[in-house]
Undergrad: 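Here you go, one structure.
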Amino acid sequence: MGSEKIKSGYRSAFIAVILQVILVFTVMFAVGKILNLYAANKLVSNNSIDISEYVSSIKSEYSMIINAVVYSIADLLPVVIFMKLSKNKGKIGNWFGKSKISLGQTALLGFSVLALAYLCSIGTSIFRFIFGSYNLPNSISIGLKSDNKVVFAVTVLYVCLVGPFLEELLFRGFVLHETACVNPVFGVIVSSTLFGLFHLSFEQAISATIIGILFGYIALKANSIKPTVILHIINNTYACVRILFVDKIGISTKFDDVIAVGIITIGVIVIVNFVYEQGRLVRNKDVLDTDNFIKDDVIKSIRKKEKRISLGGRLAMSQLSFYFVYIVLFTVSVLEKFAVL
């Protein structure tokens with residue numbers, strides 16, 4: 001019974017991410033069809049304007065609004081569905097319990113997240129140098145630089161608040177909760193790699209995975225995803241501020257470099273000290289939901305029955321959905337990369 005509950009949790013986590021990706025492409029496809037119908041009706045008497053070009057211009061101008069709606073639906077719906085389908089998964093509110101990490105500590109850890117973001121940007125530059133760079137339209141950058149006040153407002157609201165909350169709910173809430181029940185380290189690795197691949201871009205996957213590992217560690221140590229929601233908001237807000245003030249207004253590159261060095265220095269010191277104080281992850285101590293935690297005696301009985309010392313990876317990799325979600329996300333990332341070369 002205990003073994004099946006663990007496997008069920010793994011399946012739910014993997015299928016939830018698959019469903020998220022399916023929803024993104026399905027809703028995007030539906031939006032495209034609706035825009036085509038709208039354009040066809042609007043331009044029916046004007047043969048001089050190409051419908052595809054007109055639709056492309058709409059998508060470009062309102063890309064951030066479209067993305068905000070699509071991803072809000074795709075991030076939230078899988079969590080709601082699987083939490084409703086299974087009564088033994090506890091409550092979403094349990095993931096937002098009282099944090100063991102203070103607000104002051106969380107604020108300091110913000111430097112660590114930003115430091116990782118800067119270091120990952122260096123890695124991205126190396127990646128582009130080796131594999132070649134390409135220019136994809138950045139909907140966030142377009143939204144922040146838009147003269148349309150509605151587009152600008154939606155961009156700021158989604159990127160700085162709604163997006164971080166929903167992504168933490170899915171990956172540090174649901175996925176981490178379901179995959180860290182036996183082995184917290186395994187749960188952090190799975191949730192962070194899925195979080196990285198979820199961005200459907202090799203360049204973003206590397207940095208998102210690294211930051212996701214830190215987020216997973218913090219969430220389990222805090223016994224809550226409150227700190228990671230705050231840290232995610234800090235990271236995204238800082239990125240938006242840099243786009244606005246560095247790119248749009250124009251700040252000296254040297255001054256920006258000085259800020260980066262300062263943040264990296266402080267961030268590295270903070271994270272090293274934090275990890276030293278907190279120590280390694282402990283299964284029966286670092287959890288998200290104590291009310292729905294699989295007890296040690298259940299784990300021992302499963303190990304004895306199945307003659308296995310390690311259950312985390314073994315039970316997960318016995319599920320077809322484990323391989324399917326990684327293959328799907330990896331394949332889409334590869335197609336995204338080579339489609340523009």
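Keep in mind the model is a prediction, meaning the values are calculated, not measured.
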Undergrad: Counting only N and O atoms by type, is there a donor-acceptor contact under 3.5 Å from the side chain of Thr179 to the main-chain atoms of Val190?
TA: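 Not at all, since once roles are kept as given, no pair shorter than 3.5 Å links the two residues.
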Undergrad: Should the pair Phe198 and Phe171 be assigned to parallel (<30°), tilted (30 to 60°) or perpendicular (>60°) ring geometry?
TA: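 Rings of Phe198 and Phe171: tilted, as their planes differ by 30° to 60°.
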Undergrad: State whether the side chain of Ser321 and the backbone N or O of Ile15 hold a donor-acceptor pair below 3.5 Å, judged by distance alone.
TA: no
Undergrad: Any chance the side chains of Thr193 and Tyr326 put a donor and an acceptor closer than 3.5 Å?
TA: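 Side chains of Thr193 and Tyr326: pair found under 3.5 Å.
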Undergrad: Would a distance-only check, ignoring hydrogens and angles, find a side-chain to backbone donor-acceptor pair under 3.5 Å from Gln105 to Ser102?
TA: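 Side chain of Gln105 to backbone of Ser102, a donor-acceptor pair under 3.5 Å: yes, one is there.
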Undergrad: Mind checking salt bridge (Lys or Arg N to Asp or Glu O under 4.0 Å) for Arg283 and listing every partner two or more places apart, or none if nothing turns up?
TA: Asp296
Undergrad: Write down the atom of Leu144, the atom of Leu244, and the distance for their closest heavy-atom approach.
TA: O-CD2, 3.6 Å
Undergrad: Would you check if there is a donor-acceptor pair between the side chains of Glu168 and Thr228 at a distance under 3.5 Å?
TA: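 Judged by distance alone, the side chains do pair up.
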Undergrad: Measure from the side-chain N and O atoms of Ser191 to the backbone N and O of Leu176, and report whether any donor-acceptor pair falls under 3.5 Å.
TA: no
Undergrad: Please report the closest heavy-atom contact between Met317 and Tyr323, naming both atoms and the distance.
TA: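 Minimum heavy-atom contact is O-OH, 2.9 Å.
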Undergrad: Look only at the side chain of Asn223 and the backbone of Val287, and say whether a donor-acceptor pair between them is shorter than 3.5 Å.
TA: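 Confirmed, Asn223 side chain pairs with Val287 backbone.
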Undergrad: Quick check against the 3.5 Å criterion: does Lys221 have a side-chain atom that pairs as donor or acceptor with the backbone of Arg280?
TA: yes
Undergrad: Checking Ala74 now: which residues fulfil side-chain contact (heavy atoms from CB on, under 4.5 Å) with it, not counting sequence neighbours?
TA: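 For Ala74, the residues satisfying side-chain contact (heavy atoms from CB on, under 4.5 Å) (neighbours in sequence not counted) are Gln20, Leu23, Val24.
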Undergrad: Within the side chain of Asp289, is there an N or O that forms a donor-acceptor pair under 3.5 Å with the backbone of Asn94?
TA: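 Between the backbone of Asn94 and the side chain of Asp289 there is no qualifying donor-acceptor contact (under 3.5 Å).
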Undergrad: Any sub-3.5 Å donor-acceptor pair from Ser146's side-chain atoms to Ile142's backbone N or O?
TA: no
Undergrad: If you draw the axis of the six-membered ring of Phe322, does the NZ or CZ of Arg11 fall within 45° of it and under 6.0 Å from the ring centre?
TA: no
Undergrad: To the closest 0.5 Å, what do you measure between OG (Ser207) and CG (Asn235)?
TA: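 The CG atom of Asn235 is 9.0 Å from OG of Ser207, to the nearest 0.5 Å.
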Undergrad: I'd like to check the ring pair (Phe, Tyr, Trp, His ring centres under 6.0 Å) partners of Tyr71; sequence neighbours left out, ordered by chain and number.
TA: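 Tyr71 satisfies ring pair (Phe, Tyr, Trp, His ring centres under 6.0 Å) with no residue once adjacent residues are dropped.
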Undergrad: So, Phe96 versus Phe165, ring centres under 6.0 angstrom or not?
TA: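 Yes, the ring centres sit under 6.0 Å apart.
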